[in-house]
Number of protein chains: 2
Amino acid sequence: MITDFESFKQELSLSKVEICRELYRQNRETIRIKNEEVAVGNLVRLIDSTLRLTGLKGFEAMSLRDLCADAGFSIGGLYAYIRNKQDLVILIQGHGFLITLRTLLTYTGQATSPHKKLTNAIMAHVFLSEIMQPWFYFSFMETKSLPAPQKRQAIAVEQKVEDIFHDVIVQGIEAGVFNDVNARLLASLCKAMMQDWYLKRSKYARQGVDATQYARFLIGVVESYLGIYPANPQ
Amino acid sequence: MITDFESFKQELSLSKVEICRELYRQNRETIRIKNEEVAVGNLVRLIDSTLRLTGLKGFEAMSLRDLCADAGFSIGGLYAYIRNKQDLVILIQGHGFLITLRTLLTYTGQATSPHKKLTNAIMAHVFLSEIMQPWFYFSFMETKSLPAPQKRQAIAVEQKVEDIFHDVIVQGIEAGVFNDVNARLLASLCKAMMQDWYLKRSKYARQGVDATQYARFLIGVVESYLGIYPANPQ
DNA sequence: GTCTATAGCATGATAGAC
DNA sequence: GTCTATCATGCTATAGAC
């Protein structure tokens, strides 16, 4: 059971290096560097810079020269890790999917009641997107420009996330503990609400709202609609 | 009082030609065409194509050659309407702001109670973004790449929209007809929920949900959280 | 007012020295 | 493994014919 961001972060312990090591092993054919330690270290800087610059100007507007300057690469060195610019997107995208689905399924699986599954899923999603905000932002913004197979994959993952929410809501309705609402629409709404946390994070920072507060607020809204605390939502 | 999309659409009656005529008059210095009828007709095609292509690939990825081919312009002809590619963004952006704020203030002003103001505001925003979906999508996606003054303007308008919601919620709380919730956070959440209608419209189309259904659903969620219909949200 | 032709430049990608 | 130098391409923007 998740209660706040700090404990979630410790439990998950996703270091950049570990993620990039997995990434390196997944993409061994396209990466021409033999030494794993060297490659992993460079991948960390490469992906950091790509996410940062893309967040500022968009992927198309980021030139590979900008990227090299920011990451401390030469243009030739960069091409030891990718075959072309598109490969950067594929590299970044593939990994986040695994983590997202794995995390959501872990935390909904842990819980016993539909109510706890739902609150766990919301918390897990908000907290994960807090840790990996640049990735979530990138993924949202750049999906439309992906080549067809990657685009299909991205849409499928988003659908899968919504399905997780949908199924939990249906379970609760059938068990008689939730109001009889439109589960499909509420699942989409959950996604939309969680999405804003990584799309407009600076706005919430300005309001002085942190990830735990935001997640609890969303949970309050959803609970009141489902009739779980019908009297007085905080 | 708004009840459904069709009546809203008739009342608003925003034709493309009228919008582009206003646009032409606003940007007379940069547009080098004297004949208003000719200019307005071309602006309609120009903006239509820009919104369409940008929606597919993003603004940066859209070349002016693509745009000319799509809109039936020559590259030279295009430059009679803009001084550079950025001007296209400014041209498109400025107008939508006026319409959005004007519409929201009109419909909240019409209503008497905070509850009606709130439902009117949600309906007006969802319906307006239904009519001008490509514009809302464009505005969301391209704001980050705008030059500083336009970016400030875009953020200010978004803030103003949230303020309208915030103020109505506070009114309701002070009048004792709404639960005592975090008004700032709920206003942001309203924006996030309405936002998904133009960001992910095709998803909702797949679910068979139309604008009226979506707006009523959002209203139901917000009402239940505010304790207006505490018993049984539809 | 609209077109074609082209200048001038920045980009993605490669070749080959070290 | 990493660098510099360079190629070919496609872009925005302009000049000048019609």
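Naming: A, B, ... by sequence-line order, numbering from 1 per chain. For the numbers below, each heavy atom of this structure counts, side chains included, while hydrogens, waters and symmetry mates do not.
Residue N84(A) places its side chain closer to dA13(C) than to any other of dC3(C), dA13(C), dA13(D). Minimum atom distance to the side chain of I75(A) is reached by dT14(C), of the listed dC3(D), dT2(C), dT14(C). With dA13(D), dG1(D), dC3(C) as the choices, the nucleotide that has an atom nearest any side-chain atom of I33(A) turns out to be dG1(D). In the set dG12(C), dC3(C), dT14(D), the nucleotide with an atom closest to the side chain of Y79(B) is dT14(D).
Within 4.0 Å (heavy atoms only), S63(B) reaches sugar-phosphate atoms of the nucleic acid but no base atom. N42(A) comes within 4.0 angstrom of sugar-phosphate atoms only, judged by non-hydrogen atoms across all strands, and of no base.
Between the CG atom of L78(A) and the P atom of dT4(D) there is a distance of 14 Å, given to the nearest Å. One interatomic measurement links the two molecules: NZ of K57(B) to C1' of dC11(D), which rounds to 12 Å at whole-angstrom precision. Atoms CD (Q86(B)) and P (dT12(D)) sit 12 Å apart, rounded to a whole Å. Between the CZ atom of R32(A) and the P atom of dA13(C) there is a distance of 13 Å, given to the nearest Å. Nucleotide dT2(D) holds its P atom 14 Å from the CD1 atom of I82(A), rounded to whole Å. Rounded to whole angstrom, the span from the CG atom of L64(B) across to the C1' atom of dT14(D) amounts to 13 Å. To the nearest angstrom, P of dC11(D) lies 13 Å from CG of L53(B). Straight-line distance from the CG atom of D87(B) to the C1' atom of dT12(D): 13 Å, rounded to whole Å.
Cation-pi contact between K117(A) and Y107(A): absent, since separation from the ring centre below 6.0 Å together with deviation from the ring axis within 45° is not met. A cation-pi arrangement is absent between R32(A) and Y81(A), since the terminal nitrogen or guanidinium carbon is not both under 6.0 Å from the aromatic centre and inside a 45° cone about the axis.
The aromatic ring centroids of W135(A) and F97(A) lie less than 6.0 Å from each other.
Each of R52(B), R65(B), K57(B) was evaluated against D70(B); a single residue qualifies, R52(B), per the salt bridge (charged side-chain N to carboxylate O under 4.0 Å, His left out) test.
Checking the phosphate oxygens (OP1, OP2) of dT2(C), a side-chain nitrogen or oxygen of Y81(B) falls inside 4.0 Å.
Below the 3.5 angstrom threshold, one finds a donor paired with an acceptor across the side chain of R65(A) and the base of dG12(C).
The aromatic rings of Y198(A) and F140(A) sit perpendicular, their planes meeting at an angle over 60°, well past the 30° parallel limit.
In terms of position on DNA chain C, the residue among E36(B) and F59(A) whose nearest nucleotide sits closer to the 5' end is E36(B).
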